[in-house]
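Structure, as structure tokens:
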Number of protein chains: 2
Amino acid sequence: MLSFTEENYLKALLHITIEVEHKNEAGTNELASYLGVKPATATDMLKKLKEKKLIVYEKYGKISLSGSGREKAVEILRKHRLWETFLHEKLDFSWDEVHEVAEQLEHIQSQKLVDKLDKFLGFPEYDPHGDAIPNAKGELKPSFRKTLSEVKEGTTCRMVAVKDNTVAFLKYVSQLELGINTHIKVIGRQPYDGSMEIVINSNTIVVSQKFADNILII
Amino acid sequence: MLSFTEENYLKALLHITIEVEHKNEAGTNELASYLGVKPATATDMLKKLKEKKLIVYEKYGKISLSGSGREKAVEILRKHRLWETFLHEKLDFSWDEVHEVAEQLEHIQSQKLVDKLDKFLGFPEYDPHGDAIPNAKGELKPSFRKTLSEVKEGTTCRMVAVKDNTVAFLKYVSQLELGINTHIKVIGRQPYDGSMEIVINSNTIVVSQKFADNILII
DNA sequence: ATAAAAAGTTAGGTATATCTAACTTGTAAA
DNA sequence: TTTACAAGTTAGATATACCTAACTTTTTAT
Ligand SMILES: [Mn+2]
Ligand SMILES: [Mn+2]
Ligand SMILES: [Mn+2]
Ligand SMILES: [Mn+2]
């Protein structure tokens, strides 16, 4: 049985190595900073995870998930996204409130609970942020989504997800009346700093490149 | 913020001092044995809980919950019973499976989650074992229930709850096709060891006094 | 090729929650 | 009222998860 903390390290590694960059390996400092701990703390945990054969790692080298490590991580991600869906669909939690609570719920240990919850929700394929939910076999659909900052001027796209799950970001998104499936038209892009002029619900606004980098669209 | 473990000690104290015996105080060994830890471990935790003013306690003396300690404990009990109700009503968990999972879910920290869950369930008053669920104000209905072993011969009663939540006990109960609201007729009682002859769903069976002591009826 | 910077590890320390073994206190029986 | 046993505490370990400060290795730039 893995501890709460071990689970969070595995999920963080999945996020860094596959979900975000498709680069398949992570560094100690990168992992530590993602988890909000010091590199020394991460090093200790890496030794433990290696001992348990959940990661592939050599001293001073890069880190990647082993087969069983990836399986565990995907299972935790599955629980996280199922709980987010539950909170949003059944308990009327808003889009920006589900993540924090799901961070706790994802660690509840009960295979039966996961299966029953999945069924209760009608075997959903996407969570409230538009991210794919791994199925019971641990299969995670690859997503070929682009960010808003990659969209050509003059084009209209549709928001499907966000990359950043911080409360500050999600509040900003809500404020702009932006949500899953909202249509966004790109009017122009400022070459100096990449800020973009866009139209949302007939309102023309300007957003920073940093913001546009974190909005995923189709 | 209380740790998972501190919460379990408070809930245990509520159970020992109020729920079961109405005696309002507990001993160190009694508490330790209830929680499955050694008395030395409990002593350490008692010092910490006293420091936080959650219990009233002097070295070598009896233990009782303070006002704020009782409040916390009732809130955890409320969460435990709401989750048990959710698992049984919405996810089709059977009667004897809900307790273990609720032991984990009761520690999720989110006031909003508790409120929304309560509403989603229709503000239930009783959990799947027939125990009263404290309301949002922390009010816990006193229950004046008797045990099956106190029922007079020739009388028919109705099961409303169980006292013992162990898997072994609950499995036995299920095996006998006994559940909330099942009618039980008491035929006779063996003076030697208190075992009772009873009728459940037209089947006449004999159960031990230990068993009858753990079936609550009206 | 070397030096500086970045990345990563080790040593030693804290806090929580647990244990065993030895000790102290309270109570009930002789 | 003394004594024995039950009840409870303390001391000293262990394991997890975190920290800071100092050290080592790898990478990058001159
Ligand atoms: Mn999330
Ligand atoms: Mn988590
Ligand atoms: Mn229960
Ligand atoms: Mn618990």
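Residue numbering restarts at 1 for every chain, and letters A, B, ... go by the order of the sequence lines.
Within the 4.0 angstrom heavy-atom criterion, no nucleotide atom of any strand lies near F4(B). As judged by a 4.0 angstrom heavy-atom cut-off over every strand, A40(B) is placed among the base-contacting residues.
The side chain of K59(B) places an N or O atom within less than 4.0 Å of a non-bridging phosphate oxygen (OP1 or OP2) of dT10(D). OP1 or OP2 of dG8(D) lies within a sub-4.0 Å distance of a side-chain N or O belonging to K62(B). Here T43(B) does not reach the OP1 or OP2 of dT10(D): none of its side-chain N or O atoms lies under 4.0 Å away. Between dT10(C) and K47(A), a contact under 4.0 Å exists linking OP1 or OP2 to a side-chain N or O. T28(A) has a side-chain polar atom (N or O) that falls below the 4.0 Å cut-off from OP1 or OP2 of dT9(C). Side-chain nitrogen and oxygen atoms of T41(A) include none within less than 4.0 Å of the OP1 or OP2 phosphate oxygen of dC18(D). Side-chain nitrogen and oxygen atoms of Y9(A) include at least one within less than 4.0 Å of the OP1 or OP2 phosphate oxygen of dC18(D).
Here dC19(C) is the nucleotide among dT9(C), dC19(C), dC18(D) with the atom lying nearest to any side-chain atom of V37(B).
Ring-plane geometry between F120(A) and F86(B) is classed as perpendicular, the angle between the planes exceeding 60 degrees on a 0 to 90 degree scale with a lower cut at 30.
In summary, E30(B) and K23(B) engage in a salt bridge, as defined by a charged side-chain N under 4.0 Å from a carboxylate O. Ion pairing between a basic and an acidic side chain is recognised when a charged N comes within 4.0 Å of a carboxylate O; K72(B) and E6(B) show no such pairing.
For L35(A) and dC18(D), the CG to P distance is 8 Å, given to the nearest whole Å. As rounded to whole Å, 13 Å separates atom P of dT9(C) from atom CD of E30(A). Remark: P of dA11(C) and CG of D44(A) are 11 Å apart, rounded to the nearest angstrom. The NZ atom of K52(A) sits 10 Å away from the C1' atom of dT16(D) (whole-angstrom rounding). Atom P of nucleotide dA7(C) and atom CG of L46(A) are separated by 16 Å, given to the nearest angstrom. Between the CE atom of M1(B) and the P atom of dT16(C) there is a distance of 15 Å, rounded to whole Å. The distance between atom CG of L2(B) and atom C1' of dA15(C), rounded to the nearest whole Å, is 16 Å. As rounded to whole Å, 13 Å separates atom P of dC23(C) from atom OH of Y60(B).
For the pair K163(A) and F169(A), the cation-pi test (distance below 6.0 Å, angle within 45°) is failed.
For the pair T17(B) (side chain) and S64(B) (backbone), a donor-acceptor distance under 3.5 Å is absent.
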